[in-house]
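All remarks here apply to the structure that follows.
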Amino acid sequence: MTPMPRAVNKRGPNVRGSTPPRWRRLAINVFIVAHIFIVSCWAIPISSSWRLAVRNFVTPYMRWTGLFQAWDMFSPVPKNANSYVEAIIHYQDGNTRTWAFPRMSHLDVWERYSKERYRKYGDLLEVTPALWPDAALFAARQNNNRAVPIKTVFLVRYCAPIALQGEVAQRSESCDDDVLYSRPIHAGDLK
Amino acid sequence: MSRKGLSAHWNEFFFAPRSPLPIALFRILYGALVCATVLLLRRDWLVWYGPYGLISPETMSQMEPGVRINIFHLLPSGDAWIEAVFWVLLGSAICLCAGFLTRISSVVVFVCLTSLNERNLIITHSGDTFLRVTGFFLMFAPAGACLSVDHLIRVRARKEGRVPKPRAPWAQRMIQFELSLLYFTAAYSKALGEPWLSGAALYYIYHLEDLRRFPLPQWFYNPTVLALGGWGAMILEFTLGTLIWIRAIRYYILAAGLMLHLVLEYSLNIPLFQWEVLSAYVLFIDPRDLMRVMARARLLVKERLFRSPRTTHSRLPAMRSRGPSRKTSNHP
């Protein structure tokens, strides 16, 4: 008994190329032109008033679609100091403990690869005060494992400028060891 | 060029049907890179995205206001829901890689990936941004037209032939445009910075302890070498952003770009970024060349994995001249 042939699409396998119909192509053209224009205006950092105006106009759309983008990798001025932030936890009994975010230079090659987000976070933590309360609270939660409650958390930044060959490293206000933030911790904070 | 000529070129560039092989290959690489990204984040998932993590949802909303794609806003609070996003994203990225329910998978991947970025923009690097913006255009592309489970299903149902039909490549062009823009903007931004122009930029970058990866020879840290490297990188980025569109020299430029990214991958600890950018290079390769490479790779794999005499004899006639396989063959 010969097997029944399987149903075949009436038009047969379509091996010819397909182009969108006319009305659809028009819509796609509008989409393409608009996106090339607004994405370019958004991404290329030309300092002109019309570009800023376009950028401001399209900001809600770029945010909503997730198309916002910046390709300023290590530019225009790369970071020129080795720095990191640590949390110092003061307990009610007067004891202190230092707690550090993972530092890439202290990790092995694989750990460094998987924990690299901490480097990115640390770089921004130093210069973004809005992040400090959450960071202090997180450090408190990580160290809330003693019978004695935590009194205060300090965020401290350590910084060493990189000197070009033949130059002397100079500390500046933007690269100095400094207490960034302190936060008293209440029992309710650590729930 | 006349308006008609321009219009014809435009239509040819964006709409003339072409093989979907490059975009399908990009889809596979893209899906694999999304999987790698979320797996690398796995151990610290709740630290970055949980309600009691390093950045609370409220802080993020204050820092980056506006209406955004962020499913975390819609989910009930609780670690289980945050964990669920991980599994949904990983599952849909695997489906995208395999080309199963490709369109739906690409939408789910884009929404989840964008939500992760929006939930914690602080830890988002350029590689994440590249995945996000290319993911947007990938949703519109015929990414499941070949090398996919979807295509196999269509072939079995006789809705399509084994050879995938050519498609309008406009969405692929937009991803190519994004790659080109990335390079051009990177070069332009560098040209605005004094350290890049003076040649000091790479000196600073390679002396950042937290960025180091594998050891480098001492001569590499010589300021002159680093200055030349910095200027070379700027020129190459500009070239990749502009001349990549010229077919005659494209492969040379892509080869130079590949070298640049491999050096960066070896020397700097920037997870996955180089691979994410390199994945889009396949979109610039002629589909016929891709097929040639794939056929050769297939032969090699078959030769290595299935060394049965029958396969050697009947499927690999080019290998006949190799003594051992012919001698061991049972077939004349």
Side-chain angles (χ1 to χ4, degrees), chain A residues 6-9 13-20 25 28-29 32 35-36 39-40 43-45 59-60 63-67 69-80 82 84 103-105 109 112-117 119-122 124 128 130-131 133-135 138 141 162 164-165, chain B residues 14-15 17 40-41 43-44 48 52-56 59 62-63 66-69 114 117 122-123 125-126 129 132-133 136 158-161 163 165-168 170 174 177 181-182 185-186 188-190 192-196 200-201 203-205 207-210 212-214 223 269-271:
Chain A
R6 275 199 274 177
V8 178
N9 191 341
N14 185 354
V15 290
R16 282 173 52 222
S18 60
T19 48
R25 196 191 289 196
I28 294 170
N29 270 324
I32 290 170
H35 280 81
I36 288 176
V39 168
S40 302
I44 303 172
T59 292
R63 280 178 177 165
W64 181 72
T65 52
L67 279 176
Q69 52 197 282
W71 308 116
D72 51 351
M73 293 156 289
F74 299 114
S75 63
V77 179
K79 191 180 171 190
N80 57 5
N82 284 301
Y84 61 95
R103 285 178 61 195
M104 300 306 107
S105 51
V109 171
R112 217 181 297 162
Y113 207 67
S114 61
K115 298 271 182 190
E116 196 272 344
R117 307 277 174 171
R119 178 199 65 81
K120 184 88 183 165
Y121 172 78
L124 284 165
T128 315
L131 297 175
D134 285 346
F138 184 84
R141 284 199 191 100
I162 297 167
L164 290 173
Q165 209 170 42
Chain B
F14 283 107
F15 298 106
L40 277 177
L41 282 164
R43 282 165 65 191
D44 297 308
W48 299 127
Y52 303 109
L54 272 167
I55 303 162
S56 67
T59 303
Q62 280 168 16
M63 289 176 69
V67 181
R68 289 155 187 271
I69 296 173
T114 307
N117 286 188
I122 301 300
I123 59 162
H125 61 57
S126 298
T129 307
R132 191 181 66 237
V133 297
F136 177 82
R158 300 201 180 177
K159 288 179 178 169
E160 205 177 316
V163 179
K165 61 178 180 177
R167 312 287 176 102
W170 68 269
M174 294 306 284
F177 161 73
L181 182 74
L182 177 152
T185 310
Y188 188 89
S189 302
K190 286 179 175 66
L192 298 176
E194 193 278 325
W196 285 98
Y203 187 90
Y204 290 132
I205 292 167
H207 284 81
L208 290 172
E209 288 173 5
D210 286 346
R212 287 183 187 170
R213 198 169 180 208
F214 295 114
N269 187 46
I270 308 171

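Bear in mind that the values here come from a model prediction, so they are computed numbers and not experimental data. Every chain is numbered from 1 and lettered A, B, ... according to where its sequence line falls, protein lines coming before strand lines.
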Looking at B:Thr185 and A:Ile44, what are the two nearest heavy atoms and their distance?
-> OG1-CG1, 3.8 Å
For each of B:Leu208, B:Leu181, B:Thr59, tally heavy-atom pairs with chain A at distances under 4.5 Å, and name the one with the top tally.
-> B:Leu208
Tell me, out of B:Ser189, B:Pro271, B:Gly53, B:Gly193, who's got the most heavy-atom pairs with chain A below 4.5 Å.
-> B:Pro271
Sequence neighbours excluded, the answer for side chain to side chain donor-acceptor pair (under 3.5 Å) partners of A:Lys120 is none
Would you say A:Arg63 and B:Val67 make side-chain contact, with heavy atoms under 4.5 Å?
-> no
Would you check if B:Phe177 and A:Ile32 make a side-chain contact, meaning some heavy-atom pair closer than 4.5 Å?
-> no
Could you tell me which non-hydrogen atom of A:Pro76 sits nearest to which non-hydrogen atom of B:Trp196, and how far apart they are?
-> O-CD1, 3.2 Å
Are B:Trp48 and A:Tyr121 an aromatic pair by the rule of ring centers under 6.0 Å?
-> yes
Value for CZ (A:Arg112) from CZ (B:Phe214), rounded to nearest 0.5 Å, stands at 8.5 Å
Are A:Val77 and B:Glu194 close enough that some pair of their side-chain heavy atoms sits under 4.5 Å apart?
-> no
CD-CG distance between A:Glu116 and B:Asp210, expressed to the nearest 0.5 angstrom = 9.0 Å
Could you give me the CA-CA distance, side-chain angles and deciding distance for A:Leu124 and B:Ile123, then say whether side-chain contact (heavy atoms from CB on, under 4.5 Å) is met?
-> CA-CA 9 Å; A:Leu124 284 165; B:Ile123 59 162; over 6 Å; no
A:Tyr84 side chain near B:Glu209 side chain, heavy-atom distance below 4.5 Å = no
Can you check side-chain contact (heavy atoms from CB on, under 4.5 Å) on B:Trp170 and A:Asn29, steps first, answer last?
-> CA-CA 9 Å; B:Trp170 68 269; A:Asn29 270 324; over 6 Å; no
Take A:Asn80 and B:Tyr203 through the side-chain contact (heavy atoms from CB on, under 4.5 Å) test and state the conclusion after the steps.
-> CA-CA 9 Å; A:Asn80 57 5; B:Tyr203 187 90; over 6 Å; no
Choice from B:Leu182, B:Ile205, B:Ile55 maximising heavy atom contacts with chain A below 4.5 Å | B:Leu182
Measuring from A:Tyr113:OH to B:Arg213:CZ, what's the distance to the nearest 0.5 Å?
-> 5.0 Å
Would you call B:Asp44 and A:Lys115 a salt bridge, taking side-chain N to carboxylate O under 4.0 Å as the test?
-> yes
Checking A:Arg141 against B:Tyr52: charged group under 6.0 Å from the ring centre and within 45 degrees of the axis?
-> no
Rounded to the nearest 0.5 Å, how far does CZ of B:Arg212 lie from OG of A:Ser105?
-> 9.0 Å
Among B:Ala201, B:Ser56, B:Gly66, B:Ala186, which residue forms the greatest number of heavy-atom pairs with chain A at distances under 4.5 Å?
-> B:Ser56
Min side-chain heavy-atom separation A:Ile28-B:Phe15 under 4.5 Å = yes
Listed by chain and number, what are the ring pair (Phe, Tyr, Trp, His ring centres under 6.0 Å) partners of B:His125, not counting sequence neighbours?
-> none
Which value, rounded to the nearest 0.5 Å, describes the distance between A:Ile162 atom CD1 and B:Tyr204 atom OH?
-> 8.0 Å
If one checks every heavy atom of B:Thr114 against chain A at 4.5 Å, the contacting part turns out to be side chain
Do the side chains of A:Asp134 and B:Leu54 get nearer than 4.5 Å, heavy atoms only?
-> no
Part of A:Ser40 within contact of chain B (heavy atom distance under 4.5 Å) = both
Exercise: identify the closest heavy-atom pair between A:Trp64 and B:Ile69 | O-CG1, 3.0 Å
List the steps and the verdict of ring pair (Phe, Tyr, Trp, His ring centres under 6.0 Å) for A:Trp71 and B:Tyr188.
-> CA-CA 10 Å; A:Trp71 308 116; B:Tyr188 188 89; over 10 Å; no
Contacting region of A:Arg119 [heavy-atom separation from chain B under 4.5 Å] | side chain
Option in B:Arg132, B:His207, B:Met63 with maximal non-hydrogen atom pairs under 4.5 Å from chain A | B:Arg132
